[in-house]
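What follows is a set of notes on a single structure, which appears directly below.
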There are 2 protein chains.
Amino acid sequence: MVDDDKFTVLKNPSLQEAKTIIEKSFLNKTTLVVAGNCKVIYDGRASSKLDFGERLIIVKRDRAILVHRSKGYEPVNWQPSGCILHVKIIKNSIQISAIRHNPREMLKVIFNKIFMLSTLLLDDSADFTLFASEKDMHQAILIKPSLVEKGLKPISYEKKVTPGFIDVYGVDKNGKLVIIEVKRKNAGKEAVLQLANYIKAIETKANRDIRGIIVAPNISKGVQRLLMSLNLEFIALDPRLCAKVLKKTENAKLETYFYKKN
Amino acid sequence: MVDDDKFTVLKNPSLQEAKTIIEKSFLNKTTLVVAGNCKVIYDGRASSKLDFGERLIIVKRDRAILVHRSKGYEPVNWQPSGCILHVKIIKNSIQISAIRHNPREMLKVIFNKIFMLSTLLLDDSADFTLFASEKDMHQAILIKPSLVEKGLKPISYEKKVTPGFIDVYGVDKNGKLVIIEVKRKNAGKEAVLQLANYIKAIETKANRDIRGIIVAPNISKGVQRLLMSLNLEFIALDPRLCAKVLKKTENAKLETYFYKKN
DNA sequence: ACATACATCTCGCGA
DNA sequence: TCGCGAGGTGTATGT
């Protein structure tokens with residue numbers, strides 16, 4: 001039931017048929033979709049076992065392999081891109097193995113029945129663009145520091161300190177040093193501890209008082225208390241608002257550009 | 001080309017055909033696999049755009065939806081299980097939308113061509129078992145404390161303290177209190193800060209000296225220094241070894257069982 | 001190669 | 001429902 005180079009679909013193939021198609025798919029780097037009854041063995045950083053059951057297996061062009069059960073976002077077993085793939089027939093079953101080095105890991109999917117086997121040559125060169133990331137928040141704060149506080153003057157961005165990086169670093173309207181830790185999600189305990197740590201690292205070096213501010217869409221009550229006990233501050237900021245600020249700035253730039261041209 | 005209740009495959013269906021099959025799949029909670037040319041819009045915690053290209057879309061029984069490109073482990077767009085699904089025809093395209101509340105999010109996949117459409121009723125009730133998790137490490141330490149240190153006597157497991165949980169908590173051979181933070185991966189800065197925080201919380205309450213130990217397969221040099229400066233300790237322990245210890249214990253139990261019977 | 005931090009992280013467990 | 005932490009997390013970005 002081979003259609004053309006673009007995609008093929010087989011229903012209830014024999015093991016031999018399946019093996020041929022799968023090998024060809026590995027060679028031609030097409031996307032492979034297999035539905036069938038299989039068991040799965042994984043051994044590597046951890047190890048796992050999954051007895052026979054009906055699942056959906058996807059092997060991509062870059063040799064990423066996913067074993068999906070009928071529920072949930074996550075694959076039950078997988079191997080990231082770049083692994084080495086093999087297929088072979090053992091007794092009355094067909095076995096796909098994916099091996100990777102660094103870390104040394106092994107995934108085996110053993111089918112005793114394949115219902116559906118499809119190979120797809122997916123043509124997809126579109127750009128994926130994502131808005132409202134933490135990076136967008138950093139950018140927006142640099143462009144419009146009043147999002148955090150009136151009179152704030154950013155000095156540097158992603159400054160390296162002894163253990164890690166400071167998100168934003170600047171001076172407030174009174175000339176006091178300010179360290180800002182940005183989070184795109186509700187700030188948790190670890191964000192506060194991180195900030196406290198940075199403050200300490202800088203304070204010992206600069207030998208002067210420093211303000212520490214957590215910037216995030218929200219903060220839980222317990223963490224708020226911890227924050228206050230460490231003498232730190234919290235400012236609410238929505239990543240989506242930041243994305244809007246960036247968008248506006250881009251438009252403004254575009255306008256400037258056209259203005260110059262005309 | 002409908003086969004039976006168990007699975008169906010359609011090649012190059014018309015939009016109307018596709019809509020009917022997809023609706024039926026949503027109703028019957030079968031796993032849906034669609035390959036076709038589509039664009040994708042996401043708006044929620046963040047937002048994203050992906051112009052037309054050929055992709056693989058999976059909708060599971062629990063309404064988790066995944067949009068996969070031809071490369072990589074991760075879906076380019078998705079919605080976790082539990083969202084509300086709709087399908088409708090708009091002009092010459094078919095649109096699948098997945099909406100979720102809390103957080104309020106929306107995913108739209110708009111096809112102008114479907115190559116392959118498959119519905120699968122996956123029967124899968126097997127248990128998935130994973131070995132060498134962090135929990136296995138906790139268990140192994142409780143069973144065989146010498147994995148950490150000779151003479152260690154665990155008192156409690158996952159004891160709640162003001163900020164979070166302590167992994168393991170015990171007394172060393174000299175009667176000194178010991179708090180253990182277990183990590184299945186190489187210990188990082190955050191693990192050390194976490195432990196330091198716990199120690200402080202307990203020390204202020206118990207008003208006595210406490211040893212803090214990070215147990216992990218490895219620790220980086222910089223973190224090692226931080227550890228020493230905070231007067232904490234590190235013990236190397238491999239999660240895979242812990243899994244073996246547990247396995248052995250299980251076997252021993254089994255032997256005891258048979259011994260009793262005979 | 002190693003270390004660090006983000007992610008529309010997801011998922012499960014408790015309060 | 002929220003908060004917290006694990007995960008075979010993966011992935012990008014430095015050094």
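Sequence lines set the chain letters: A, B, ... in the order given, protein chains first and strands last, and positions in each chain run from 1.
Remark: the separation of the C1' atoms in D:dG5 and D:dT9 is 13 Å, to the nearest Å. The gap from the C1' atom of D:dA6 to that of C:dA7 amounts to 15 Å, rounded to the nearest Å. A distance of about 15 Å separates the C1' atoms of D:dG7 and D:dT11, rounded to the whole Å.
With the nearest nucleotide of DNA chain C identified for both A:Q194 and B:Y42, A:Q194 has the one nearer the 5' end. Between B:K221 and A:L130, it is B:K221 whose nearest contact on DNA chain C lies nearer the 5' terminus.
Of the listed nucleotides (C:dC11, D:dG7, C:dC9), D:dG7 has the atom at the smallest distance from the side chain of B:R184. Of the candidates D:dT1, C:dA7, C:dC6, D:dT1 carries the atom nearest the B:N102 side chain, counting heavy atoms from C-beta on.
Judged by atom type and distance alone, A:N186 does not reach the base of D:dG3 through any side-chain donor-acceptor pair under 3.5 Å.
Looking at A:E105, its side chain does come within 3.5 Å of a backbone N or O of A:R45 through a donor-acceptor pair. A donor-acceptor pair under 3.5 Å links the side-chain atoms of A:R55 to the main chain of A:C38, judged by distance alone.
Contact annotation: A:Y198 side-chain N/O to C:dA5 OP1/OP2 distance is under 4.0 Å. For D:dG7, the OP1/OP2 oxygens have no side-chain nitrogen or oxygen of A:R45 closer than 4.0 Å. Distances shorter than 4.0 Å separate none of the side-chain N or O atoms of A:R100 from OP1 or OP2 on D:dG8.
What separates CH2 of B:W78 from P of C:dT8 is a distance of 5 Å, to the nearest Å. Across the protein-nucleic acid pair, A:I41 atom CD1 and D:dG8 atom P stand 17 Å apart, rounded to whole Å. To the nearest angstrom, C1' of C:dA5 lies 13 Å from NZ of A:K185. Look at CG on B:L193: it is 13 Å from C1' on C:dT4, rounded to the nearest Å. Nucleotide C:dT8 holds its C1' atom 16 Å from the NZ atom of A:K183, rounded to whole Å. Across the protein-nucleic acid pair, B:M137 atom CE and D:dG7 atom P stand 10 Å apart, rounded to whole Å.
For C:dT8, there is no paired nucleotide, since no Watson-Crick or G-U wobble pair has both relevant distances below 3.5 Å.
A:E149 has a carboxylate O that lies under 4.0 Å from a charged side-chain N of A:R211, or vice versa, which qualifies the two as a salt bridge. B:R69 has a carboxylate O that lies under 4.0 Å from a charged side-chain N of A:D124, or vice versa, which qualifies the two as a salt bridge.
Among the atoms of the strands shown, none is found under 4.0 Å from any heavy atom of B:S47. A:Y73 comes within 4.0 angstrom of the backbone, heavy atoms only, and of no base.
A cation-pi contact, defined as under 6.0 Å to the ring centre and within 45° of the axis, links B:K247 to B:F131.
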